[in-house]
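What follows is a short report on a single structure.
By convention here, the first residue in the shown sequence is residue 1.
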Amino acid sequence: MKTIGSILLTLIWLAISLTSCANASTSQELNRNDEFKKNIDSLSAYTLNKIKGIPGLSIAVIKGDEVIHIESYGFSDIENNAIATTTTPYYIASTTKSFNGTLAQILHDENVLDLDTSITSYEPIKSFKDKTVFEGISLRELLSHSSGITNGYLVWRNAVSGQYEHQQLIEILKDQTGSLNNNKAFKYDNLGYNIFALILQEEFGLNWKNLLKEKIFQPLEMERTSASYDQVIQEKWEVTQPYIAIGDSTKPVKANSRKDEKTMQAAGGLFASIEDISNWLLFNVNKGEFKGKSVYHPDMLGQVHKSYADVNRNGTIFKEVGYGLGWHTSEFKGQNVLYHNGGFLGHTAKISFMPDQKIGVAVFANESFFGDNIADLLTSYTFDYYLDSVESSDVYLEQIENFRKRINEMNKSYANSVSERADKQSSLTLNLSQYEGQYSNKGFGDLSITIEDDIMYINMGLLSSKAYYGNEVNTLEVDFSGPGSKQLIEFTITDNTVESLKFKGLEFVRIKAE
């Protein structure tokens, strides 16, 4: 029979042993994180050194309830020699959807709206005389891209041109929405989030931009995140400027990319710093907790992260299996991953996390042609490292070298294209001044042609491009989507008078000067 003394000694020894094991485990984890930080830091710096066309890069990695790595590299604004920092806001485009998907579930749980009732119950659709195309569609289906409807005109004006007044959007929603006839199968689009914003305003008198600030940004201490372009300008935030790697193999080229208050829209309308997004990752990975406090009930995020639409396709690094409320649900080497990409000319963002492993990573770049490749590479390395599936760092270095070669090849091709365009003879049959003027399409808006120093420019809302002579008679090419995008404009001429033009296959009728 053991004495009390021997039992006490045994308990003390056991306590010491457990403490030693815990300390050893903690030490091992710290060493592991330190090794990762060193590796990812070297990989990020190496990337910018090798790929001259990407000016700036920011990355945040979280594990559990800690930010284990956060850093920025390069420049946010080359012309002004501004260094990118962890508080520098980037335009993060479609990753905005994860915020508005979460907002929608919050409002549902607060009984402000019902995500599962038909959108015909809400204004402005409730007042439409013909609601047929909208019948039986819920807000949840809209936000999971499974509504079965389409409206490219509404999406274009909201995200790209900014040519609209509020009432115009309602009219375009009413008159231009059509059925995809796909039995509500998944089809990624901005439309659902644009309609969500209209319903908030028309039915409830609420503004999604203000709601995000109140419900998400403030509780998560996201001080350099905003859906308001006016705020960015008024408060003089030093946001990243947009660049592209195409056009000069030795340095980034400023992108012809603009945003304003109107095009900061619910499907893609946020500026955010990498520091703020690390808070967003912590919140999602820890099921509604932030800094040890429960901001929202875990069930709320459970509904957000749940898949509502079936998807079966291979992405760049993830296998996509579904879509929730603003998050792609996917797999990476047997692990569940939620993620979203964001892209706009001169801007790249990727936010992703493994809920079971409690690992999250966000990568931003102020370049769009190869920024997404780099975001994928750094994301893949992070997950590989913590899943113990990194075979060799040489694999990643080789990818970067391949990107560099591709950029050089594309720049050579673009230089040849520019040379060919410069030598191309005019395909126009009339004097340049006879093409000048304003053209209009009821759905897409207005397009204007101006002439400066015998060079034609095409303007459409925030979009502007030099015009190049096309291959066919009375055609032009424009580069609205970046160098070499070559979007075609075809003119219709009657009796030596330009009557209209076609752009994106749509007719724009010339507006006669009064």
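The shortest distance between side-chain heavy atoms of Ile216 and Phe283 does not fall below 4.5 Å. Proximity of Leu488 to Val478: side-chain heavy atoms (C-beta onward) are nowhere separated by under 4.5 Å.
Each salt bridge (charged side-chain N to carboxylate O under 4.0 Å, His left out) pair with one or both residues in residues 362-377, not counting sequence neighbours, appears once here: Lys350-Asp376.
A salt bridge links Lys291 to Glu221: one of the charged nitrogens lies within less than 4.0 Å of a carboxylate oxygen. Salt bridge annotation for Glu35-Lys38: absent, with no cationic side-chain nitrogen under 4.0 angstrom from a carboxylate oxygen. With salt bridges taken as basic N to acidic carboxylate O contacts below 4.0 Å, one links Glu110 and Lys215. Taking the charged nitrogens against the carboxylate oxygens, Asp230 and Lys209 have no contact shorter than 4.0 Å, which rules out a salt bridge. Glu275 has no carboxylate O lying under 4.0 Å from a charged side-chain N of Arg224, or vice versa, which leaves the two without a salt bridge. The pair Glu320-Arg313 meets the salt-bridge criterion, since a charged nitrogen lies less than 4.0 angstrom from a carboxylate oxygen.
Between the side chain of Ser257 and the main chain of Leu345, a donor-acceptor pair closer than 3.5 Å is present. A side-chain donor-acceptor contact under 3.5 Å links Thr329 to the backbone of Gly322. Side-chain atoms of Asn279 never come within 3.5 Å of backbone atoms of Met222 as a donor-acceptor pair (strictly under, hydrogens ignored). Side chain of Asp260 to backbone of Lys262: a donor-acceptor contact under 3.5 angstrom is found.
For the residue pair Ser72 / Ser58, a side-chain donor-acceptor distance below 3.5 Å is found, with atom types taken as modelled. Inspection of the Tyr308 and Gln303 side chains reveals an N or O donor paired with an N or O acceptor under 3.5 Å. Side-chain N/O atoms of Asn336 and Asp356 include a donor and acceptor closer than 3.5 Å. Defined by atom type and a distance below 3.5 Å, a donor-acceptor pair is present between the side-chain atoms of Gln357 and Gln335. Under 3.5 Å, the side chains of Glu420 and Asn416 contain no donor-acceptor pair of N or O atoms. In summary, the side chains of Ser465 and Asp479 do not present any donor paired with an acceptor at a separation below 3.5 Å, with no hydrogens or angles considered. Side-chain contact check for Tyr90 and Thr348: no donor-acceptor pair (N or O, by modelled atom type) lies under 3.5 Å.
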Check against salt bridge (charged side-chain N to carboxylate O under 4.0 Å, His left out), Glu401 and Arg404: CA-CA 5 Å; Glu401 181 60 23; Arg404 187 187 66 81; 2.4 Å; yes
Evaluation steps, side chain to side chain contact (heavy atoms under 4.5 Å, CB included), between Leu139 and Ile195: CA-CA 9 Å; Leu139 275 170; Ile195 296 176; 5.7 Å; no
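Applying the side chain to side chain contact (heavy atoms under 4.5 Å, CB included) test between Tyr243 and each of Lys254, His347, Lys251 identifies Lys254 as the sole match.
Thr382 contributes atom OG1, which lies 12.5 Å from atom NZ of Lys63 (distance to the nearest 0.5 angstrom). Taking CG of Asn373 as the reference point, atom CZ of Phe403 lies at 4.0 Å (rounded to 0.5 Å).
Ring pair Trp327/Trp280 is parallel by interplanar angle, where below 30° counts as parallel and above 60° as perpendicular. Aromatic ring orientation, Phe186 versus His328: perpendicular (interplanar angle above 60°, classes split at 30° and 60°). Below 30°, between 30° and 60°, or above 60°: for Tyr385 and Phe36 the angle between ring planes is between 30° and 60°, a tilted geometry. Using cut-offs of 30° and 60° on the angle between ring planes, the pair Tyr396 and Tyr381 is perpendicular.
Take Met410 and apply the side-chain contact (heavy atoms from CB on, under 4.5 Å) test, not counting sequence neighbours, and it matches Ile246, Phe369, Phe370. Under the rule for a side chain to side chain donor-acceptor pair (under 3.5 Å), Arg258 has no partner lying at least two apart in sequence or in another chain.
Judged by a 6.0 Å distance limit and a 45° cone about the ring axis, Arg157 is not positioned over the six-membered ring of Tyr164. Cation-pi contact between Lys333 and Phe383: absent, since separation from the ring centre below 6.0 Å together with deviation from the ring axis within 45° is not met.
When all heavy atoms are compared, the tightest approach of Val311 to Tyr323 is CG2-N, 4.3 Å.
Heavy-atom contacts from other residues, nucleotides or ligands closer than 6.0 Å to CD of Gln487 number more than 12.
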